[in-house]
S.K.: 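For reference, the structure I am asking about is given below.
Just so it is clear: chains get the letters A, B, ... in the order the sequence lines come, proteins before strands, and each one is counted from 1. All values below were derived from every heavy atom in this structure, side-chain atoms included, with hydrogens, water molecules and symmetry-related copies excluded.
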Amino acid sequence: MTVDMIMERLKKRYPPGKFESNDPFRVLISTVLSQRTRDEVTDRAAEKLFARYGTPGALADADVDDIEELIREVGFYRVKAPRLKEIARIIDNDFQGRVPADMDTLLLLPGVGRKTANCVLVYGFGLDAIAVDTHVHRISNRLGLVSTKTPEETEIKLRSALPKEHWRHINELLVRFGRDICRPISPKCGLCPIIDLCQGRRDTKTFV
DNA sequence: AAAACGGGGGC
DNA sequence: GCCCCAGTTTT
């Protein structure tokens, strides 16, 4: 199967990173921080935040102004800081300090959409889920794995097209691949390790 | 369907 | 100095 070959080759090029298995609360908070923000910046801010507020109870009682100051560098901090506090409050008050482990409940939290919820399910709880961000959406379509208009549609189609063993790896693999090779504009097809497996390369002229 | 949110890093 | 970034919510 060609999708297996794609995943195997990408795994070879991009060895496992930080997102193996972690505390669900930290995965949740880190993932919200990471929205529209580069990882290096996200990691620094998350480190500072968790050093002071490491649990839902602690974060729920924090000053929003202090949270803002700690996460300023990730951007969108005036939106993210109150959301983080509210997320912590809800988890502390309504879920006995435990992050919910199902999609529908996670989506009730402010600042949590399908991508963030799926990251929590996969990286926080080790469940079978596929986190589709802009990279996964774009590249899955370029490669010809799916033909979809929205990330949610991509997630659903990938559930059929992608063997389960690859679900937990596809997000990080395609994000890294998308950042340095299969970029949104002017992808570096000349350096692409899976160019021979790419359907999009043959179907369009929008690739370099 | 489009706008708004944003400081930091790459070039 | 300009452009883009591991999305989500609101208009």
Side-chain angles (χ1 to χ4, degrees), chain A residues 10-11 13-50 64-88 90 99-100 103-125 129-142 148-156 158 166-188 191 208:
Chain A
L10 288 178
K11 271 191 198 175
R13 186 181 184 102
Y14 303 105
K18 61 192 175 186
F19 270 147
E20 273 320 305
S21 189
N22 282 303
D23 169 50
F25 178 67
R26 295 200 174 204
V27 172
L28 171 57
I29 299 301
S30 297
T31 307
V32 171
L33 284 175
S34 81
Q35 290 164 4
R36 301 301 290 175
T37 305
R38 292 176 162 83
D39 344 352
E40 317 82 61
V41 181
T42 299
D43 291 345
R44 287 204 308 267
E47 190 110 6
K48 287 195 289 183
L49 184 65
F50 291 137
V64 173
D65 290 344
D66 192 38
I67 300 175
E68 282 188 8
E69 184 55 38
L70 290 170
I71 70 169
R72 182 175 306 272
E73 60 193 326
V74 304
F76 298 139
Y77 58 91
R78 285 195 215 90
V79 175
K80 288 177 178 176
R83 282 180 184 168
L84 293 178
K85 181 175 164 72
E86 177 64 1
I87 286 172
I90 292 173
V99 177
M103 172 64 69
D104 289 344
T105 311
L106 284 167
L107 289 178
L108 298 175
L109 303 172
V112 177
R114 293 197 70 85
K115 188 269 179 181
T116 300
N118 277 318
C119 280
V120 171
L121 295 177
V122 173
Y123 302 124
F125 292 104
I130 302 175
V132 177
D133 54 45
T134 55
H135 290 294
V136 176
H137 179 58
R138 176 185 73 257
I139 297 170
S140 294
N141 276 279
R142 271 189 185 166
T148 57
K149 282 208 61 179
T150 68
E152 180 171 1
E153 198 186 348
T154 298
E155 182 193 329
I156 293 168
L158 280 178
H166 299 306
W167 289 14
R168 66 197 303 89
H169 302 294
I170 188 171
N171 183 272
E172 188 167 3
L173 288 179
L174 291 196
V175 166
R176 292 192 194 177
F177 177 53
R179 191 181 51 195
D180 58 66
I181 305 282
C182 200
R183 305 180 301 185
I185 57 177
S186 304
K188 301 177 179 176
L191 300 176
V208 182

S.K.: Using whole Å, what does the distance between atom P of nucleotide C/dA6 and atom CZ of A/R183 come to?
M.R.: 12 Å
S.K.: Just jot down the salt bridge (charged side-chain N to carboxylate O under 4.0 Å, His left out) partners of A/R114, sequence neighbours excluded, or say none.
M.R.: A/E152, A/E155
S.K.: Can you name the side chain to side chain contact (heavy atoms under 4.5 Å, CB included) partners of A/R78, sequence neighbours left out?
M.R.: A/E68
S.K.: I'd like to check the side chain to side chain donor-acceptor pair (under 3.5 Å) partners of A/T150; sequence neighbours left out, ordered by chain and number.
M.R.: none
S.K.: Paired stems touching DNA chain B, three or more consecutive Watson-Crick or G-U pairs with both distances under 3.5 Å?
M.R.: B:1-5 with C:7-11, B:7-11 with C:1-5
S.K.: Distance between the P atoms of C/dA6 and B/dC11, in whole angstroms?
M.R.: 14 Å
S.K.: So, A/E40 and A/R44, do they make that salt bridge, N to O below 4.0 Å?
M.R.: no
S.K.: Sequence neighbours excluded, which residues qualify as side chain to side chain contact (heavy atoms under 4.5 Å, CB included) partners of A/I185?
M.R.: none
S.K.: To the nearest Å, how far apart are A/H135 NE2 and C/dC5 C1'?
M.R.: 8 Å
S.K.: Applying salt bridge (charged side-chain N to carboxylate O under 4.0 Å, His left out), name anything that partners A/E47, two or more places apart in sequence or on another chain.
M.R.: none
S.K.: First contact, last contact: which nucleotides of DNA chain B are these for chain A, 5' to 3', heavy-atom distance under 4.0 Å?
M.R.: B/dC5 to B/dG9
S.K.: Applying salt bridge (charged side-chain N to carboxylate O under 4.0 Å, His left out), can you list everything that pairs with A/R179, at least two apart in sequence or on another chain?
M.R.: A/D39
S.K.: Please identify each residue that fulfils salt bridge (charged side-chain N to carboxylate O under 4.0 Å, His left out) with A/R38, with sequence neighbours left out.
M.R.: none
S.K.: CD of A/E40 versus P of C/dA6: gap in Å, rounded?
M.R.: 9 Å
S.K.: Quickly work out the A/D133 CG to C/dC4 P distance and round it to whole Å.
M.R.: 18 Å
S.K.: Strictly below 4.0 Å: does A/T134 bring a side-chain N or O up to OP1 or OP2 of C/dG7?
M.R.: yes
S.K.: At a cut-off of 3.5 Å, list every protein nitrogen or oxygen paired with a nitrogen or oxygen from nucleotides 8-11 of chain C, distance to 0.1 Å.
M.R.:
residue: C/dT8; atom: OP1; partner: A/G113; partner atom: N; Å: 2.9
residue: C/dT8; atom: OP1; partner: A/G113; partner atom: O; Å: 3.3
residue: C/dT8; atom: OP1; partner: A/T116; partner atom: N; Å: 3.0
residue: C/dT8; atom: OP1; partner: A/T116; partner atom: OG1; Å: 2.9
residue: C/dT9; atom: OP1; partner: A/G111; partner atom: N; Å: 3.0
residue: C/dT9; atom: O4'; partner: A/R83; partner atom: NH2; Å: 3.4

S.K.: Starting at atom CG of A/D43, determine the distance to atom P of C/dC5, rounded to an integer number of angstrom.
M.R.: 19 Å
S.K.: Roughly, in whole Å, what's the span from CZ in A/R36 to P in C/dC4?
M.R.: 10 Å
S.K.: Taking the P atom of each, how far is B/dG6 from C/dT11, in whole Å?
M.R.: 15 Å
S.K.: Identify, with sequence neighbours excluded, every residue that meets side chain to side chain contact (heavy atoms under 4.5 Å, CB included) alongside A/D180.
M.R.: A/Y14
S.K.: Touch check for A/V79, heavy atoms < 4.0 angstrom, all strands: base, sugar-phosphate only, or nothing?
M.R.: sugar-phosphate
S.K.: Expressed as a whole number of Å, how far does the C1' atom of B/dG8 sit from that of C/dT9?
M.R.: 23 Å
S.K.: If I pick the P atom on C/dC4 and the same atom on B/dA3, what distance separates them, to the nearest angstrom?
M.R.: 15 Å
S.K.: Evaluate the side-chain proximity of A/P110 to A/I87: yes if any heavy-atom separation is below 4.5 Å, no if none is.
M.R.: yes
S.K.: Categorize A/P151 for me: base, sugar-phosphate, or nothing, with a 4.0 angstrom heavy-atom threshold over every strand shown.
M.R.: nothing
S.K.: Please report the closest heavy-atom contact between A/L107 and A/A117, naming both atoms and the distance.
M.R.: CD2-CB, 4.4 Å
S.K.: What pairs with A/P82 under side chain to side chain contact (heavy atoms under 4.5 Å, CB included), at least two apart in sequence or on another chain?
M.R.: A/V64
